[in-house]
Amino acid sequence: MKAIKYIWLFCLLLFPFPAVAQNVMTSSPYSMFGIGEIMTGLYGVNAGMGGITIGMRGKMLINTDNPAGLTGLDSCRLFTEASAFAKWESYRSKGNNNQAFTGNFSRFAMAGRIMPHWYMAVGLTPYSSVGYYFQSTQELEGSPGSYYTSTYSGNGGLSKVYLSNAFLLLPSLSIGINLGYIFRNMTQTEDQSTMSVSQKLFGQSFSADFGVQYSYRMGRELNLTLGAVYGLPQTMRMEKTKTLTENSSENSYNMKRVNQTLPQYIGGGVSVEYKKMTYALDYLFRQYCSLTSADSRITFHDSHELRAGFCYFPNGYSSSSIWKRMDYKAGIELSSPYYMHIRGQSGISWRVSAGMGFPLINGRIHTAFFYDRVDLNGKMLKRGITGFTVTYTLSELFYKIKL
């Protein structure tokens with residue numbers, strides 16, 4: 001089977017991914033606070049639908065955001081999936097501008113039915129990212145008219161490896177659980193002429209979240225799916241190592257460990273399939289206030305996210321034209337308030353997206369274009385991101401050795 005032939009290559013790609021995942025993911029100067037910038041909406045079949053996941057299920061949809069949705073997969077096939085993204089970022093804060101181009105892989109996953117009523121998936125994806133570089137000029141204390149320049153840079157981030165299990169309890173009712181391990185390093189450096197201070201943080205934590213879905217066929221061409229998810233708060237222990245370099249002399253020492261509480265979340269979603277259309281709506285509450293920052297100017301606040309999207313899928317035969325075998329998607333996401341407050345200033349975040357999918361070599365390619373915007377009051381921060389994601393889902397018949 002062709003899918004099996006690709007598994008060894010897929011697994012080889014997983015090994016360097018933790019190192020790759022923590023680089024070139026963002027260029028936000030505000031990723032230096034907390035655990036970095038939380039990575040969302042950069043992978044998956046439904047990225048073009050505004051990231052809708054909670055109430056979604058499908059024969060080729062590896063839905064690990066709501067693991068209960070895995071029971072919708074074709075039970076006779078094994079699936080592998082890889083996602084990547086590219087984005088152009090623009091930041092404006094108090095008259096200063098910063099622009100950068102970033103891109104990387106954003107998820108690897110495998111999924112399939114293990115036994116009747118039992119489905120499983122494994123995967124690896126970035127959880128957060130740190131990436132910034134900027135300079136600041138300040139007056140030298142005690143020497144009016146004299147100035148010095150400091151250069152601040154940071155890279156790294158957190159990655160998440162997970163195991164998902166889903167169980168079909170009844171023909172219409174499914175439950176699922178994700179068990180994950182979040183880990184990796186973050187490095188922050190400050191350079192001043194002949195002196196450099198570097199701080200390396202290593203964090204690790206286990207995570208668990210749950211999902212449920214109820215899918216009911218209301219007619220020959222009408223199907224309703226309701227879903228809900230809940231993610232437990234988790235305490236991450238972070239080890240700090242500080243390195244001071246001055247006049248070619250380097251000294252390293254361990255600092256006091258710090259803890260970060262990863263945000264818990266709860267959400268619900270619904271999707272309606274009617275003829276060739278799918279309409280979906282998600283609501284998600286994230287408790288970001290559990291995060292802390294060493295900088296008193298930065299605070300974190302809870303976020304309410306609302307997502308809506310639709311998909312048109314003609315679902316033509318294999319002999320039909322390519323246009324009848326493609327699917328067309330669009331969506332919007334609104335988050336209020338923005339989870340990071342800077343000097344007391346709050347704001348909103350919104351994203352619009354559109355995409356399409358088409359068949360390719362025993363699978364499908366899904367593409368999505370998106371524009372992401374953050375506006376904080378008082379001209380504190382304006383961020384605009386124009387991006388592109390691509391996801392390839394490969395499937396192959398696996399019925400010969402099914403249990």
Side-chain angles (χ1 to χ4, degrees), residues 41 43-77 79 81 109 111-113 117 119 121 164 166-176 211-229 267-284 305-318 320-333 352-359 363-368 389 391 393 395:
Y43 64 83
V45 170
N46 292 329
M49 294 178 65
I52 292 288
T53 57
I54 300 177
M56 296 295 293
R57 59 193 290 115
K59 292 185 176 182
M60 292 188 67
L61 176 60
I62 303 180
N63 184 358
T64 53
D65 290 327
N66 184 350
L70 292 173
T71 60
L73 289 171
D74 188 330
S75 61
C76 295
R77 290 183 176 270
F79 299 88
E81 187 173 278
R113 192 191 74 175
H117 308 290
Y119 295 72
S164 305
F167 304 92
L168 188 63
L169 302 182
L170 299 171
S172 299
L173 180 64
S174 303
I175 61 172
V212 60
Q213 278 190 352
Y214 178 79
S215 184
Y216 178 67
R217 182 157 296 280
M218 304 174 67
R220 189 170 65 89
E221 296 183 297
L222 179 62
N223 189 78
L224 172 69
T225 300
L226 302 174
V229 294
V270 57
S271 68
V272 177
E273 300 174 52
Y274 179 64
K275 294 184 178 180
K276 299 179 181 180
M277 296 293 299
T278 299
Y279 307 91
L281 182 70
D282 279 1
Y283 166 77
L284 195 64
E305 301 176 17
L306 187 64
R307 303 170 184 169
F310 70 88
C311 173
Y312 171 66
F313 186 20
N315 198 22
Y317 298 103
S318 58
S320 303
S321 67
I322 186 65
W323 303 109
K324 291 185 178 180
R325 290 181 291 145
M326 294 176 65
D327 54 76
Y328 308 87
K329 306 172 183 179
I332 185 170
E333 175 185 348
V352 291
S353 58
M356 61 181 64
F358 53 90
R364 292 185 72 83
I365 289 250
H366 295 269
T367 61
T389 70
T391 297
T393 305
S395 72

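Computed from a prediction, not measured in an experiment: that's the story for all the values here.
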**OP:** Could I get the full list of side chain to side chain contact (heavy atoms under 4.5 Å, CB included) partners for F167, not counting sequence neighbours?
**Re:** W118, N165, L169, I175

Subject >> Partner set under side-chain hydrogen bond (donor to acceptor under 3.5 Å, both in side chains) for T367, not counting sequence neighbours >> reply: none

Original post:
Do we see a donor-acceptor contact under 3.5 Å between the side chains of T393 and E81?
Top reply: yes

Original post:
Taking only residues two or more places apart in sequence, or in another chain, which ones meet Y119 in a side-chain hydrogen bond (donor to acceptor under 3.5 Å, both in side chains)?
Top reply: none

Original post:
Where is the tightest heavy-atom contact between M49 and C311, given as atom of each residue plus distance?
Top reply: SD-CB, 3.8 Å

Subject >> Close side-chain approach of D282 to M56, heavy-atom, < 4.5 Å >> reply: no

**OP:** Sequence neighbours left out, what passes salt bridge (Lys or Arg N to Asp or Glu O under 4.0 Å) with E305? Give chain and number order.
**Re:** R286, R307

**OP:** Could you tell me whether the side chain of N46 reaches within less than 4.5 Å of the side chain of N63, counting heavy atoms only?
**Re:** no

Original post:
Ignoring hydrogens and geometry, is there a side-chain-to-backbone donor-acceptor pair from Q213 to I54 under 3.5 Å?
Top reply: yes

Original post:
Can you name the nearest heavy-atom pair linking T391 to G44, along with the distance?
Top reply: OG1-N, 3.3 Å

Original post:
Residues in side chain to side chain contact (heavy atoms under 4.5 Å, CB included) with I332, at least two apart?
Top reply: A308, V352

Original post:
With sequence neighbours left out, what residues match Y283 under side-chain hydrogen bond (donor to acceptor under 3.5 Å, both in side chains)?
Top reply: H304

Original post:
Donor-acceptor pair, T225 side chain versus S271 backbone, under 3.5 Å?
Top reply: no

**OP:** If a pair satisfies salt bridge (charged side-chain N to carboxylate O under 4.0 Å, His left out) and one of its residues is in residues 48-76, list it, with sequence neighbours excluded.
**Re:** D74-R77

Original post:
Within the distance-only criterion (no hydrogens, no angle test), does the side chain of S353 pair as donor or acceptor with the backbone N or O of A330 below 3.5 angstrom?
Top reply: no

Original post:
In chain order, what residues pass the side chain to side chain contact (heavy atoms under 4.5 Å, CB included) check against L224, with sequence neighbours excluded?
Top reply: M218, L226, V270, V272

Original post:
Got Y312 and M277 here, is their nearest side-chain heavy-atom distance under 4.5 Å?
Top reply: yes

**OP:** Applying side-chain hydrogen bond (donor to acceptor under 3.5 Å, both in side chains), name anything that partners T53, two or more places apart in sequence or on another chain.
**Re:** none

**OP:** Look at the side chain of K329 and the backbone N and O of V45, then say whether any donor-acceptor pair between them is shorter than 3.5 Å.
**Re:** yes

